[in-house]
**Student:** 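First, the structure itself, so that you have it in front of you.
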Amino acid sequence: MSRPGTATPALALVLLAVTVAGVGAQGAALEDPDYYGQEIWSQEPYYTRPEPEPETFSPPLPAGPGEEWEPRPHEPRAPKRATKPKKAPKREKSAPEPPPPGKNSNKKVMRTKSSEKAANDDHSVRVAHEDVRESCPPLGLETLKITDFQLHASTVKRYGLGAHRGRLNIQAGINENDFYDGAWCAGRNDLQQWIEVDARRLTRFTGVITQGRNSLWLSDWVTSYKVMVSNDSHTWVTVKNGSGDMIFEGNSEKEIPVLNELPVPMVARYIRINPRSWFDNGSICMRMEILGCPLPDPNNYYHRRNEMTTTDDLDFKHHNYKEMRQLMKVVNEMCPNITRIYNIGKSHQGLKLYAVEISDHPGEHEVGEPEFHYIAGAHGNEVLGRELLLLLVQFLCQEYLARNARIVHLVEETRIHILPSLNPDGYEKAYEGGSELGGWSLGRWTHDGIDINNNFPDLNTLLWEAEDQQNGPRKVPNHYIAIPEWFLSENATVAAETRAVIAWMEKIPFVLGGNLQGGELVVAYPYDLVRSPWKTQEHTPTPDDHVFRWLAYSYASTHRLMTDARRRVCHTEEFQKEEGTVNGASWHTVAGSLNDFSYLHTNCFELSIYVGCDKYPHESQLPEEWENNRESLIVFMEQVHRGIKGLVRDSHGKGIPNAIISVEGVNHDIRTANDGDYWRLLNPGEYAVTAKAEGFTASTKNCMVGYDMGATRCDFTLSKTNMARIREIMEKFGKQPVSLPARRLKLRGRKRRQRG
């Protein structure tokens with residue numbers, strides 16, 4: 001960084017020329033309406049631009065916590081904050097300022113009267129006087145793009161409340177006194193406390209978003225603060241509102257994010273937040289995100305090397321419901337021969353649950369071809385999965401048209417179903433709040449307050465209770481467990497979206513599926529419910545545990561970050577010991593999950609894929625998130641071709657539906673589809689496989705599964721049992737089979753009568 005006194009003569013001449021040009025020339029440049037909106041900045045070195053005179057940070061001593069402080073002559077503008085919705089669970093929040101229709105909520109376009117007034121009154125700072133100003137994107141505290149080493153604080157209460165925990169929406173652990181607490185908390189409650197971010201390059205800072213401490217027991221948040229910037233972390237300039245330091249209004253509770261835009265953009269490397277007041281009964285604690293646009297530095301190899309780019313020509317933006325439908329229509333028009341748009345039902349608010357089918361014969365099940373699905377948006381505020389699936393639909397279409405051999409083979413050999421938004425009602429609510437102001441839970445639930453992810457019938461308990469009964473015949477099979485009658489009643493607390501998914505999965509013989517979620521970076525496999533009722537965490541494997549582990553690892557190992565041992569944990573959990581995968585029940589127990597229901601009620605092996613720490617990243621992050629997940633999304637789909645497949649037919653070559661396929665040593669069976677075809681996911685090895693059906697003699701074969709991609713063909717031909725043949729013949733002639741002992745007694749009676 002260049003410092004005063006070290007400039008070359010040429011630099012001195014440049015500075016002199018800029019000084020002679022005066023304020024008017026720079027003001028004219030800044031008044032260019034596109035100045036703040038441009039993505040590519042001037043290549044002119046930053047030191048050739050005049051900077052405001054640095055001010056020593058020596059603010060007057062305001063009142064302490066719990067006391068009134070005098071407002072400045074220019075009242076600070078009201079921050080943009082979220083308000084509570086009319087109907088929602090306790091922690092759900094909503095924003096009062098929805099974006100204009102058709103505009104992306106991530107573009108926080110606002111300029112309040114008070115900030116305009118403050119900008120006009122501050123003659124020492126040159127600003128653009130346009131009526132509307134677009135904010136910069138987040139620097140990445142929530143997404144972990146900003147590392148722990150870039151966060152510093154004056155003091156900390158303890159390590160678990162250090163500066164590295166002061167990230168927007170970070171969640172505390174179960175035990176809040178451990179290393180993973182829910183905010184940065186200062187070691188003392190006084191006016192000399194601060195937390196700062198080192199952007200590591202010159203950045204145009206435009207705003208600050210703050211939250212209180214995430215805690216079930218404590219109430220800690222900052223109610224007002226100052227903002228300072230610096231180029232060297234020693235000399236600081238305080239943001240002004242006219243003649244005095246500007247005091248920004250902070251939070252009034254601990255979970256709703258509050259946005260304060262700076263009255264003028266500030267160009268610097270460091271930004272510091274200095275709390276001025278805090279909740280009466282609490283401490284100085286806060287979580288935050290910084291809005292800023294890094295300035296380009298073509299001479300800095302470090303930044304160029306670490307910038308993520310993508311070559312895929314896709315629509316990288318957030319799509320509301322209307323835009324999602326339009327995008328699906330565009331893809332269908334581009335690839336009409338391999339795509340079909342349909343809906344599986346409606347949401348509570350009447351929005352159709354649209355799905356895209358991708359296959360070489362859309363609209364029909366091809367015998368021997370496995371069916372795969374991706375689902376996203378069960379929690380409406382976990383938006384990244386939704387956008388990744390919309391990007392995947394575009395990508396598959398484009399690559400198929402480009403005759404990408406890998407994609408062509410996948411499309412022609414698999415029937416793919418993509419359901420990007422299972423909870424559109426919740427998404428629309430989160431979309432109104434925006435990517436940074438929705439908090440942790442806005443839009444998570446359905447409109448009627450139901451969490452779809454654990455709204456399915458609990459079939460685990462039925463299975464385990466039957467297994468624990470030593471005496472008497474087994475009443476519950478190890479697969480295709482029937483849904484309890486109470487769940488099917490109209491009075492049951494079941495979301496419309498849940499019923500639609502159940503009907504969808506019962507209709508289509510899915511083999512493998514993934515439901516994309518957010519807020520973490522891990523792949524979770526079943527069971528999700530602990531078997532011991534008194535425990536909240538317990539490793540609870542399925543009979544197909546080894547297969548599920550492989551499926552989870554196939555996604556995690558091809559993700560750019562999931563298996564990176566150097567990456568920071570999202571919130572509290574460390575998943576590296578299992579290579580970015582986890583058994584759901586060993587993480588946290590959930591009754592009635594989609595994963596467990598799918599495994600026990602259908603043939604489908606379902607996993608939960610948590611695709612990012614940030615549930616709702618800014619759209620500027622979508623290209624990088626796509627690069628992180630693209631290969632994993634494709635590899636996971638290809639796993640549907642692992643194991644064995646085949647047809648179960650009778651002696652006439654007709655497929656036998658609902659035949660049971662059993663694998664020796666695995667206490668979980670599957671069944672054939674309507675045409676008699678089946679698919680059984682298995683790891684490489686040799687297996688004794690048995691096919692059986694009612695009225696047919698069972699047949700057993702040894703089937704070998706190799707390491708190469710592609711399922712092993714293992715067909716069965718079943719012959720009817722003798723009793724089944726007799727029944728078939730008698731029914732053909734309108735008669736019923738006769739019991740032989742009864743017939744003998746009847747003949748003996750005739751003989752006796754004849755003798756008499």
Side-chain angles (χ1 to χ4, degrees), residues 90-91 140-151 153 156-185 195 211-221 254-255 257 283 285-289 379 381-382 384-385 438-441 444 451 453-454 517-525 528 530 535-540 552 556 559 561-590 593 608-617:
K90 291 182 179 179
R91 291 171 61 90
L141 275 78
E142 184 176 6
T143 62
L144 306 184
K145 192 173 183 179
I146 296 295
T147 68
D148 290 350
F149 300 105
Q150 294 175 256
L151 300 173
V156 298
K157 187 168 290 188
R158 53 183 171 78
Y159 177 78
L161 293 168
H164 64 289
R165 302 296 294 175
R167 301 172 181 272
L168 189 72
N169 286 323
I170 202 165
Q171 301 296 294
I174 298 176
N175 302 312
E176 295 184 10
N177 293 323
D178 59 13
F179 288 160
Y180 304 108
D181 220 316
W184 161 70
C185 290
I195 180 171
Q211 275 177 317
R213 177 180 177 179
N214 175 249
S215 172
L216 293 174
W217 320 111
L218 301 174
S219 298
D220 300 320
W221 60 83
K254 56 190 176 185
E255 288 298 334
S283 303
C285 296
M286 67 188 311
R287 295 172 285 169
M288 66 177 186
E289 181 63 86
H379 296 147
N381 63 331
E382 294 171 6
L384 178 56
W440 187 249
S441 58
R444 175 184 176 90
D451 187 338
N453 194 49
N454 57 352
Q517 302 189 41
E520 265 297 349
L521 204 55
V522 67
V523 182
Y525 54 89
D528 290 328
V530 296
K535 293 184 179 180
T536 58
Q537 292 177 315
E538 180 186 44
H539 183 73
T540 310
H559 189 279
L561 299 174
M562 275 192 191
T563 55
D564 186 354
R566 300 168 298 174
R567 76 171 182 87
R568 183 195 184 281
V569 299
C570 290
H571 300 282
T572 63
E573 301 289 343
E574 174 62 65
F575 298 111
Q576 291 308 311
K577 61 183 178 181
E578 292 191 41
E579 299 288 345
T581 68
V582 66
N583 172 256
S586 66
W587 181 15
H588 55 258
T589 184
V590 174
S593 73
S608 293
I609 303 169
Y610 293 80
V611 291
C613 301
D614 189 351
K615 292 182 177 181
Y616 194 161

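Since the model is a prediction, treat every value here as computed from it, not as a measurement. Index from 1, following the sequence.
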**Student:** Is the backbone N or O of M562 less than 3.5 Å from a side-chain atom of Q576, with the two atoms forming a donor-acceptor pair by type?
**Tutor:**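 Judged by distance alone, yes, a pair lies under 3.5 Å.
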
**Student:** Return the CG to CE distance between D220 and M286, rounded to the nearest 0.5 Å.
**Tutor:**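 The distance works out to 12.5 Å.
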
**Student:** Could you tell me whether a side-chain N or O of H379 sits under 3.5 Å from a main-chain N or O of G518, the two making a donor and an acceptor?
**Tutor:**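 No, H379 side chain to G518 backbone: no donor-acceptor pair under 3.5 Å.
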
**Student:** CH2 of W440 to NZ of K615: how many Å apart, nearest 0.5 Å?
**Tutor:**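 The CH2 atom of W440 sits 4.5 Å away from the NZ atom of K615.
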
**Student:** Between the side chain of S593 and the main-chain N/O of V590, is any donor-acceptor distance below 3.5 Å?
**Tutor:**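 Looks like no, no N/O pair under 3.5 Å.
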
**Student:** Do the side chains of T572 and Q171 get nearer than 4.5 Å, heavy atoms only?
**Tutor:**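 The answer is no; the side chains never approach within 4.5 Å.
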
**Student:** Any side-chain heavy atom of Y610 within less than 4.5 Å of one from V523?
**Tutor:**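 Contact flag for Y610/V523 side chains = no.
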
**Student:** Under the side chain to side chain contact (heavy atoms under 4.5 Å, CB included) rule, what do V582 and H588 come out as? Steps first, then yes or no, please.
**Tutor:** CA-CA 10 Å; V582 66; H588 55 258; over 6 Å; no

**Student:** Checking the side chain of E579 only, and the main-chain atoms of A556 only, is there a donor and an acceptor separated by less than 3.5 Å?
**Tutor:**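 No: the side chain of E579 does not pair with the backbone of A556.
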
**Student:** Shortest non-hydrogen contact from T581 to E578?
**Tutor:**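 The pair with the smallest heavy-atom distance is OG1-O, 2.7 Å.
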
**Student:** Starting at CZ of R568, measure out to CG of L561 and round the result to the nearest 0.5 Å.
**Tutor:**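 R568 atom CZ to L561 atom CG measures 13.5 Å (nearest 0.5 Å).
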
**Student:** Any donor-acceptor pair under 3.5 Å linking the side chain of N214 with the backbone of A172?
**Tutor:**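 Side chain of N214 to backbone of A172, a donor-acceptor pair under 3.5 Å: yes, one is there.
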
**Student:** Under 4.0 Å between a Lys/Arg side-chain N and an Asp/Glu carboxylate O for D181 and K157?
**Tutor:**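 Result for this pair is no, no salt bridge flagged.
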
**Student:** Measure from the side-chain N and O atoms of Q537 to the backbone N and O of W587, and report whether any donor-acceptor pair falls under 3.5 Å.
**Tutor:**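 Pair found, side chain donor or acceptor close to backbone of W587.
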
**Student:** Can you confirm whether V156 sits close enough to W184 that some side-chain heavy atom of one is under 4.5 Å from a side-chain heavy atom of the other?
**Tutor:**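 A side-chain contact under 4.5 Å exists here.
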
**Student:** Would you say R165's side chain and H571's backbone share a donor-acceptor pair under 3.5 angstrom?
**Tutor:**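 A pair under 3.5 Å: yes.
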
**Student:** Does the side chain of E573 reach to within under 4.5 Å of the side chain of V522, using non-hydrogen atoms?
**Tutor:**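 Heavy-atom side-chain distance check fails, nothing below 4.5 Å.
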
**Student:** How far apart are the closest heavy atoms of E142 and C613, and which atoms are they?
**Tutor:**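 Scanning both residues, the minimum pair turns out to be O-CB, 4.2 Å.
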
**Student:** Can you name the nearest heavy-atom pair linking Q211 to L168, along with the distance?
**Tutor:**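 Between these two residues, the closest heavy atoms are OE1-CD1, 3.3 Å.
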
**Student:** Got a salt bridge between R287 and E255, using NZ or NE/NH1/NH2 to carboxylate O under 4.0 Å?
**Tutor:**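 Here R287 pairs with E255 in a salt bridge, since their nearest N and O are under 4.0 Å apart.
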
**Student:** Among F575, F179, Y180, whose side chain to side chain contact (heavy atoms under 4.5 Å, CB included) with V569 holds?
**Tutor:**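 Running side chain to side chain contact (heavy atoms under 4.5 Å, CB included) over F575, F179, Y180 with V569 returns exactly one hit, Y180.
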
**Student:** Measure the CG-CG distance between D614 and L521 for me, rounded to the nearest 0.5 Å.
**Tutor:**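 Between atom CG of D614 and atom CG of L521 there are 11.5 Å.
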
**Student:** Can you tell me if R567 uses its side chain to pair, donor with acceptor, with the backbone of L144 under 3.5 Å?
**Tutor:**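 Between the backbone of L144 and the side chain of R567 there is no qualifying donor-acceptor contact (under 3.5 Å).
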
**Student:** Identify which one of L151, I170, T147 satisfies the side chain to side chain contact (heavy atoms under 4.5 Å, CB included) criterion when paired with L141.
**Tutor:**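 Between L141 and the candidates, side chain to side chain contact (heavy atoms under 4.5 Å, CB included) is satisfied uniquely by L151.
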
**Student:** Nearest 0.5 Å please: distance from the OG atom of S608 over to the CG atom of N453.
**Tutor:**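 Reported to 0.5 Å precision, the distance equals 5.5 Å.
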
**Student:** Is there side-chain contact between K535 and T589, with heavy atoms separated by less than 4.5 Å?
**Tutor:**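 With C-beta onward as the side chain, the pair stays apart.
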
**Student:** Side-chain contact, heavy-atom cut-off 4.5 Å: L161 with R213?
**Tutor:**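 Side chain of L161 against side chain of R213, heavy atoms only: contact under 4.5 Å found.
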
